[in-house]
2 protein chains.
Amino acid sequence: MPAPAGRRQRIRQATLEEIHAAARKLLVEQGSAAVTISAVAREVGMSGPALYHYFAGHDELVGAVTAGFLRELTTAMERARDDLADRPLDDRVLAVCRAMRGWATAHPAEFGWIFARPIAAPNRRPESARHQAALRFEGVLLDLTVELWRTRPFPAPDPADLPASLREQVAAYSAGIDGRLPPGAAHVFLSCWIRLYGLLCMEVLHQLDFAYTDLEPVYEEHLHDLAATLGLTYLAAD
Amino acid sequence: MPAPAGRRQRIRQATLEEIHAAARKLLVEQGSAAVTISAVAREVGMSGPALYHYFAGHDELVGAVTAGFLRELTTAMERARDDLADRPLDDRVLAVCRAMRGWATAHPAEFGWIFARPIAAPNRRPESARHQAALRFEGVLLDLTVELWRTRPFPAPDPADLPASLREQVAAYSAGIDGRLPPGAAHVFLSCWIRLYGLLCMEVLHQLDFAYTDLEPVYEEHLHDLAATLGLTYLAAD
DNA sequence: TATGTTTCCTTACGACCTCTAAGTAATCTA
DNA sequence: TAGATTACTTAGAGGTCGTAAGGAAACATA
């Protein structure tokens, strides 16, 4: 008799979560190729075509699941930041960077989907969950860097010293983030981002297995460098 | 009547090349998922199962084709090096790095297969063509760095200053390359490698599209930094 | 409460894929 | 010339994606 207004909604939501969990389980346990519409449906106990009531097709399923991973990664970074809300900015930046690698290495298969998977057309639309999640992800470190720049500006090159093509690109990026970082500072931020995130990509893609078995100290060394670049005090992890 | 001894062999070789070309065409024109046994067979004009006389299965086909890409990339780098055989080492190193990016950006789909594809078990065996090709690839810049180290050593940290875990890993790597670079120098080499190759990975995986439209100047800036690190004279590209 | 609509899920199906099996024809070897 | 090897064929089992058509349950509303 009560029949809450959103009963159907709640059930649908629960089913969606079950589907996400099933897809993730298949990905982690059996690899990317095992995440098929059929297998996921089987896992949640319904028969194939039923999944088309939740996703338009395989690409959309993958996109939605990947967006979920990205949100989880972002949340881990935000939590690391907020757990240290009363500590100096220096510590918060380092904690967020470490949280990023922590999540990535704890969930390599999921992280692989985040960045090493061709983004199908529907997930490229700006309003797609995939794209929204990417924006929020990029925002975490950007926001911290903006805060740093405002309270304690780090050394940044004069844009006039950059080659023309690069100057234009960082200017465009700077404008795209509403000028919260001027072009020179944006250039420094992007350089740091490339080093950190690039290292993580290579680690998860096993591109460094030929030389390293454990990249934690390498990552810490990068963090140390980056701290120096940004004028942050580097504090070793616990 | 002449029937040269290796007639069958030659035909087989030609067919293999045709298969490689067909697979590549499908990859470039229609993406990774289009490279199926059936589609490739169709492309070369034979019916499905015939391909199993050339490859044990889909994974082996992908591995063989990828090895071919890697050989082509390596050859491009070696050629850049040899074309400048009489120029100073500084120029040759830069040329090889630029050739690497040149090939990667000219053949993004192929480069994607080289590094952003799970390497199936059979292609991980040390004697597999995939693995052999990887060794030769890694050798190009390593050899140049060794030559540089011998003729004009660059600044390298004292391994004693590195954290224990990192020290052990670079020592192991140094031993693995027959000590041609001592641990400190190996550490510098690997750091440079990570920055260059990492940037390339991110570019090809579209991880930097949010900020850049053309990464050529960014790559050049990295080369400039690396040249400074290695004590090389940076000469702008033609 | 009764009726119509929406939602969820089913089975059936066509088209495609991988890979095995079995058979044929051509080529090489001895 | 006889046998072994190689290269291919078709047939087929079992898997996939995605569409179509239909039933049953839950909801909204008169």
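Order of the sequence lines sets the chain letters (A, B, ...), proteins ahead of strands, with each chain counted from 1.
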* To do: Under the salt bridge (Lys or Arg N to Asp or Glu O under 4.0 Å) rule, what do B:Arg24 and B:Glu72 come out as? Steps first, then yes or no, please.
  => CA-CA 13 Å; B:Arg24 183 175 193 161; B:Glu72 187 176 306; 2.8 Å; yes
* Taking ring pair (Phe, Tyr, Trp, His ring centres under 6.0 Å) as the test, write out the residues that go with B:His107, two or more places apart. => B:Trp103
* Asked: Sequence neighbours excluded, which residues qualify as salt bridge (Lys or Arg N to Asp or Glu O under 4.0 Å) partners of B:Glu216?
  -> none
* Asked: Does A:Arg12 put a side-chain nitrogen or oxygen below 4.0 Å from OP1 or OP2 of C:dC8?
  -> yes
* With sequence neighbours left out, what residues match A:Glu168 under salt bridge (Lys or Arg N to Asp or Glu O under 4.0 Å)? -> none
Listing, residues 120-127 of chain A side-chain donor-acceptor contacts under 3.5 Å, not counting sequence neighbours, or none:
| from | atom 1 | to | atom 2 | distance (Å) |
| --- | --- | --- | --- | --- |
| A:Asn123 | ND2 | A:Asp59 | O | 3.4 |
| A:Arg124 | NH1 | A:Ile119 | O | 2.9 |
| A:Arg124 | NH2 | A:Ile119 | O | 3.2 |
| A:Arg125 | NE | A:Glu127 | OE2 | 2.7 |
| A:Arg125 | NH1 | A:Pro122 | O | 3.4 |
| A:Arg125 | NH2 | A:Glu127 | OE2 | 3.4 |

* Asked: Can you list the residues that meet the salt bridge (Lys or Arg N to Asp or Glu O under 4.0 Å) rule with B:Arg117, with sequence neighbours excluded?
  -> none
* Whole-Å distance separating the CZ atom of B:Arg10 from the P atom of D:dT6 -> 17 Å
* To do: Have a look at the helix from C:dT1-D:dA30 to C:dA30-D:dT1 and give the angle its two end axes make, five pairs each, rounded to 10 degrees.
  => 10°
* Asked: Which pairs count as salt bridge (Lys or Arg N to Asp or Glu O under 4.0 Å) when at least one residue sits in residues 61-71 of chain B, sequence neighbours excluded?
  -> none
* **Residues in contact with DNA chain C, drawn from residues 18-28 of chain A - heavy-atom cutoff 4.0 Å** => none
* To do: List the protein contact pattern of nucleotides 9-21 of chain C with one symbol per nucleotide (5' to 3'): B for base contact, S for sugar-phosphate-only contact, - for none; contact means a heavy-atom distance under 4.0 Å.
  => BBBB----SBBB-
* For B:Phe55, which residues count as a ring pair (Phe, Tyr, Trp, His ring centres under 6.0 Å) partner, sequence neighbours excluded? -> none
* Asked: In whole Å, what is the span from the CD1 atom of B:Ile11 to the P atom of C:dT27?
  -> 8 Å
* Asked: If you look only at pairs with a residue in residues 41-55 of chain B, which of them pass as a side-chain hydrogen bond (donor to acceptor under 3.5 Å, both in side chains), with sequence neighbours excluded?
  -> B:Lys25-B:Glu43
* Using salt bridge (Lys or Arg N to Asp or Glu O under 4.0 Å) as the criterion, list what pairs up with B:Glu60, not counting sequence neighbours. => none
